[in-house]
S.K.: 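Starting off with a structure, shown below.
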Amino acid sequence: MHRQVAADRYRLLRHARPKTSAPDKGLREGAALPSGQPEALMAAARRPHDALPLDALRHTAAHVLAYAVQDLFPEAKPTIGPAIETGFYYDFDRAEPFTPEDLGRLEGRMKEIVSADYPMTGRQATREEAVAHFKGNPYKVEIAREIPEGEPITLYTIGDFTDLCRGGHAHSTGEIGALKLMSVAGAYWRGDEHNPMLQRIYGTAFSTQKELDAYLVFLEEAAKRDHRRLGQELGLFSLEEDAGGGLVFWHPKGAVVRGIIETFIREGLRERGYDQVVTPHIMHEKLFEISGHLENYAHSMYGPLEVEGQRFRLKPMNCPGHILIYRSEGRSYRDLPLRYAEFGTVYRFERSGTLHGLTRVRGFTQDDAHLFCTPEQLQKEFEQTADEALRLNEAFGFTGLEYFLSTREEHMRIETDTIAEQAIRNALESRGLPYQVDEGGGAFYGPKLDINVHDAIGRKWQLGTVQVDFLLPKRFDLKYRGSDGLDHTPVMIHRALAGSLERFFAVLIEHYGGAFPLWLAPIQAVIAPISEHQLDYARQVAARLRAEGFRIQVDESNEKIGYKIRHWKLQKVPYIVVVGNQEKNDGTVAPNERGRDEKRPALPLDAFIAELRDRVRQKN
RNA sequence: GCCGACGUAGCUCAGUUGGCUAGAGCGCCACUUUUGUAAAGUGGAUGUCGUGGGUUCGAGUCCCACCGUCGGCUCCA
């Protein structure tokens, strides 16, 4: 058993890959936005991590880094250094921090090592030999001791540097065509915060300089799509220091997009027979005792607030509230399934260091719903919910989704978990969706299906989640009267398809690089008069378009048309409608359309309205 | 929370080894101009230099604490 655990840990170690990519550097205005979608860009700039040649090259680059560190900072102890999706890293134990200048020196030394073209030679060693070789380095010794019996222990050498390593390398250091060190960051030994903090140096390597340059350009382009940057530039949202970290302020333009997302979701809910409910943000603590949140989820909950001697809590989830509505009257099997939906705002404690833009916050609104059904209805309800999740992602243009079946932790398993997991597997498999299993990643009340998407920089975020729950109905003693006249316990499905509106918005911003399609654009068209002589006409056009339901602004500034065009182009407005004397006299408009360089001829206002209507209907 | 970096005008940033009333560009305001598809001209206002302590004759520059941001570790929508 112990051996097995050790083997697992070793395997984990060898395949350790952070889910995040190399960091971006702060970047300036410059080249135009990339034309493709982030997924395509990622695919172009990044190779799949199982493409052996690049992986081997980067793995070798990690050794070169450790070699350079050994030369320049002999007191640093190398630990582990794998290839990752975007390059490689190597963790070192060293009292002094590596400075940016140190990285420059290390990179210089690495290039020398590459130029020297040291052959990479490997040999097998006994455990004793390996332990002896790395005495003084407890990390390497720990790894050497944990390599399972029967697996070969191998040492690899370039020049004067020998490392404990499983292999998978270039033949010589000269095969590394281009490399660059990216950043330093703290990382716990084996990712465990009880372990010492190591210093992780991130780098990337390619077989040619051209590929490296292309990757760096990609990082610059990705940084321009960063939702935090666009959120400010486009006036969508802010995070306010005075309010505290991780708390989101939706500005008018961001709130418009949110409203559209909510409307879209509400329409889906209505079609699928959901009922909207609204529940309080703060509730008595005993509710969370019954639900088990205090026992299992307290680490994410804020402390109690005392009101007249009673303890209240901010809700971290909406389920207990919805359960109270279910329980408020007797239910019959004829009532089921009951589907309660709420844009429910929840508050969860996140450690300050983990907060990130809109994707990791402390207060957020879920497009949450809880379905109460009979066990017989479970499969169908689950599949319908999964389909709705797919529809949502498709409508907002998200591709490259990843599906996870997250099971409950082993020690918490209850017999119904198998049924729940099977329902999830059935739904995935009948739809032909590839999925991965996240052992122990489930909610405390049951297993779940998670849907992940990538942001502009390649970071992976969970959006949708559909969860099966046999537990909370029991804890709250929920019942329905069956056709047999007896009481039965319903099954619950917890689901949030966009996940959190904040995170969904972040991914949406990055997906479109801030250039929202017409149906989502906060300002759909700006009416820009050539001079103030056409201002009245511009206002009339705006009034007419607003009456048709479009979101319109008039540029009344005392600027030349070139300035107005530039200003609103930078704001990524889909249409800038130019009106001069000619348009005023003819009753026409001259639209300048985002993404089209050629000048469009003026057209009658009615024809323009028809065009807008059409595009909004088609959601493009 | 931990490791590291950072915090100067609404935004992006300069501010030399601590030393006169803290600067630039963009934005904002006013005036001039009445403009035809990615930046017209002139003038003007704007800062408790993140917050609170400390060192010093003197702190945006040095030290400490806290807050926040960024890159990671960990956790999750």
Side-chain angles (χ1 to χ4, degrees), chain A residues 18 20-26 28-29 32 89 91 97-100 182-202 226 228-229 232-233 235 239-246 297 299-300 316-317 344 346 348-361 363-368 406 441 443 448 450-452 457 461-465 496-504 506 528-535 558-570 576-583 590-593 597-600 602:
Chain A
T20 53
S21 65
D24 56 304
K25 299 289 171 208
R28 301 305 197 63
E29 278 297 326
Y89 68 78
D91 287 348
F98 289 110
T99 65
M182 307 298 289
S183 63
V184 204
Y188 299 104
W189 169 238
R190 297 194 151 169
D192 186 334
E193 65 186 74
H194 303 296
N195 287 339
M197 174 71 73
L198 308 172
Q199 293 185 66
R200 174 170 300 178
I201 298 178
Y202 281 98
D226 190 312
R228 294 166 298 183
R229 170 175 172 155
Q232 183 187 69
E233 287 177 358
L239 298 148
E240 298 292 330
E241 188 171 340
D242 288 344
Y297 205 71
H299 53 86
S300 289
M317 293 189 192
V346 296
R348 297 183 186 175
F349 171 72
E350 296 285 351
R351 298 200 281 185
S352 56
T354 66
L355 300 174
H356 181 96
L358 293 187
T359 48
R360 167 144 278 93
V361 295
F364 57 96
T365 301
Q366 299 179 303
D367 64 323
D368 208 357
S406 301
K448 56 182 186 159
D450 290 329
I451 302 175
N452 287 8
I457 320 169
W461 297 104
Q462 183 191 316
L463 291 182
T465 180
L497 304 188
S500 100
L501 293 179
E502 284 75 8
R503 186 179 283 178
F504 190 80
I530 297 286
S531 78
E532 64 185 15
H533 298 306
Q534 300 89 33
L535 195 48
N558 179 14
E559 296 288 351
K560 294 167 82 164
I561 192 66
Y563 181 93
K564 294 178 185 176
I565 299 274
R566 174 181 154 78
H567 177 76
W568 295 109
K569 287 272 185 194
L570 290 173
I576 301 161
V577 177
V578 177
V579 292
N581 275 333
Q582 210 165 341
E583 289 77 17
N592 180 311
E593 191 179 334
D597 291 333
E598 77 278 19
K599 203 168 150 180
R600 284 185 58 178

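All figures in this text were calculated on a predicted structure; none of them were measured in a lab. Residue numbers begin at 1 in each chain, while the letters A, B, ... track the order of the sequences.
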S.K.: Among the candidates A38(B), A77(B), G4(B), find the nucleotide nearest to the side-chain atoms of T465(A).
M.R.: A77(B)
S.K.: Should the ring pair H299(A) and Y297(A) be called parallel, tilted or perpendicular, given that the plane angle runs from 0 to 90° and is split at 30 and 60?
M.R.: tilted
S.K.: Which of the following nucleotides, U69(B), G1(B), G71(B), is nearest to the side chain of L355(A)?
M.R.: U69(B)
S.K.: Tell which nucleotide pairs with U33(B), taking only Watson-Crick or G-U wobble pairs whose two distances are both under 3.5 angstrom.
M.R.: none
S.K.: When you measure from the side chain of E502(A) to the backbone of T365(A), do you find a donor-acceptor pair of N or O atoms at a distance under 3.5 Å?
M.R.: yes
S.K.: U51(B) P sits how many Å from E240(A) CD, rounded?
M.R.: 16 Å
S.K.: Using a 4.0 Å heavy-atom cut-off across all strands, classify Q232(A) as base, sugar-phosphate, or nothing.
M.R.: sugar-phosphate
S.K.: Using a 3.5 Å distance criterion without hydrogens, assess whether the side chain of D367(A) forms a donor-acceptor pair with backbone atoms of L497(A).
M.R.: yes
S.K.: Look only at the side chain of K564(A) and the backbone of P529(A), and say whether a donor-acceptor pair between them is shorter than 3.5 Å.
M.R.: yes
S.K.: Give one of base, sugar-phosphate or nothing for L463(A), where a contact means two heavy atoms less than 4.0 Å apart.
M.R.: sugar-phosphate
S.K.: Could you give the CE-to-C1' distance, from M317(A) to C75(B), as a whole number of Å?
M.R.: 13 Å
S.K.: Can you identify which nucleotide, out of C73(B), U37(B), A39(B), has its nearest atom closest to the R566(A) side chain?
M.R.: A39(B)
S.K.: Rounded to the nearest Å, what distance is computed from the CD atom of residue E193(A) to the P atom of nucleotide U74(B)?
M.R.: 10 Å
S.K.: Any base atoms under 4.0 Å from G562(A), or only sugar-phosphate, or nothing? Heavy atoms, all strands.
M.R.: sugar-phosphate
S.K.: How does protein contact run along nucleotides 24-33 of chain B, one letter per nucleotide 5' to 3', with B for base contact, S for sugar-phosphate only, - for none, heavy atoms under 4.0 Å?
M.R.: ---S----BB
S.K.: Mind checking if I530(A) touches a base, just sugar-phosphate, or nothing, with heavy atoms under 4.0 Å?
M.R.: base
S.K.: Base, sugar-phosphate or nothing for Q534(A)? Non-hydrogen atoms, less than 4.0 Å.
M.R.: nothing
S.K.: I want to verify a distance call: between G1(B), U34(B), G36(B), whose nearest atom is closest to the S531(A) side chain?
M.R.: U34(B)
S.K.: Report the distance from atom CG of L570(A) to atom P of U37(B), rounded to the nearest whole Å.
M.R.: 17 Å
S.K.: Is V346(A) touching bases, backbone alone, or none of the nucleic acid, heavy atoms closer than 4.0 Å?
M.R.: nothing
S.K.: Strictly below 4.0 Å: does S183(A) bring a side-chain N or O up to OP1 or OP2 of G72(B)?
M.R.: no
S.K.: Would you classify A185(A) as touching base, sugar-phosphate or nothing, given that sugar-phosphate means primed atoms plus P, OP1 and OP2, and contacts are heavy atoms under 4.0 Å?
M.R.: base
S.K.: Under 4.0 Å: is that the gap between some side-chain N or O of H194(A) and OP1 or OP2 of C2(B)?
M.R.: no
S.K.: Taking pairing as Watson-Crick or G-U wobble with both contacts under 3.5 Å, can you name the mate of A5(B), or confirm there isn't one?
M.R.: U69(B)
S.K.: For A498(A), answer base if it contacts any base atom (sugar-phosphate contacts may also be present), sugar-phosphate if it contacts only those atoms, and nothing otherwise; contact means non-hydrogen atoms under 4.0 Å.
M.R.: nothing
S.K.: Would you check if the side chain of Q366(A) reaches a backbone N or O of L501(A) as a donor-acceptor pair within less than 3.5 Å?
M.R.: no
S.K.: Would K599(A) and N592(A) count as having a side-chain donor-acceptor pair, cut-off 3.5 Å?
M.R.: no
S.K.: Examine distances only and state if a side-chain atom of Q534(A) and a backbone atom of S531(A) form a donor-acceptor pair shorter than 3.5 Å.
M.R.: yes
S.K.: Tell me the closest heavy-atom pair linking D450(A) and S406(A), and the distance in Å.
M.R.: OD2-OG, 3.1 Å
S.K.: Consider only side-chain N and O atoms of N452(A) and Q462(A), and report whether a donor and an acceptor are under 3.5 Å apart.
M.R.: no
S.K.: Measure CZ/F98(A) against C1'/G71(B) and give the value in whole Å, please.
M.R.: 16 Å
S.K.: Within the pair K448(A) and A77(B), is there a side-chain N or O less than 4.0 Å away from OP1 or OP2?
M.R.: yes
S.K.: When all nucleic acid strands are considered with a 4.0 Å heavy-atom cut-off, which category describes G499(A): base, sugar-phosphate, or nothing?
M.R.: sugar-phosphate
S.K.: Would you mind classifying the nucleic acid contact of G353(A) as base, sugar-phosphate or nothing, using non-hydrogen atoms under 4.0 angstrom?
M.R.: base
S.K.: From C-beta outward on V578(A), which listed nucleotide comes closest to its side chain: G4(B), U74(B), G36(B)?
M.R.: G36(B)
S.K.: What integer distance in Å separates R348(A):CZ from C75(B):P?
M.R.: 16 Å
S.K.: Pick the nucleotide of RNA chain B nearest each of D450(A) and F349(A); which residue has the one closer to the 5' end?
M.R.: F349(A)
S.K.: Tell me what Q366(A) touches on the nucleic acid: a base, only sugar-phosphate, or nothing, going by heavy atoms under 4.0 Å.
M.R.: sugar-phosphate
S.K.: Return the value, rounded to whole Å, for the distance between atom CD of E583(A) and atom P of U37(B).
M.R.: 12 Å
S.K.: Report the residue (A496(A) or Q199(A)) whose heavy-atom-nearest nucleotide on RNA chain B is the more 5′ of the two.
M.R.: Q199(A)
S.K.: I want to verify a distance call: between C73(B), A38(B), G36(B), whose nearest atom is closest to the T354(A) side chain?
M.R.: C73(B)
S.K.: Identify the nucleotide, in any strand shown, that forms a Watson-Crick or G-U wobble pair with C26(B), with both distances under 3.5 Å; if there is none, say none.
M.R.: G10(B)
S.K.: Verify the contact: side-chain N or O of R228(A) to OP1 or OP2 of C70(B), cut-off strictly under 4.0 Å; return yes or no.
M.R.: yes
S.K.: Between C1' on A38(B) and CH2 on W568(A), what's the gap in Å once rounded to a whole number?
M.R.: 14 Å
S.K.: Would you say the side chain of Y188(A) and the base of G1(B) hold a donor-acceptor pair, judged only by whether the two atoms sit under 3.5 Å apart?
M.R.: yes
S.K.: Determine whether a donor-acceptor pair (N or O, by modelled atom type, separation under 3.5 Å) exists between the side chain of R200(A) and the backbone of D91(A).
M.R.: no
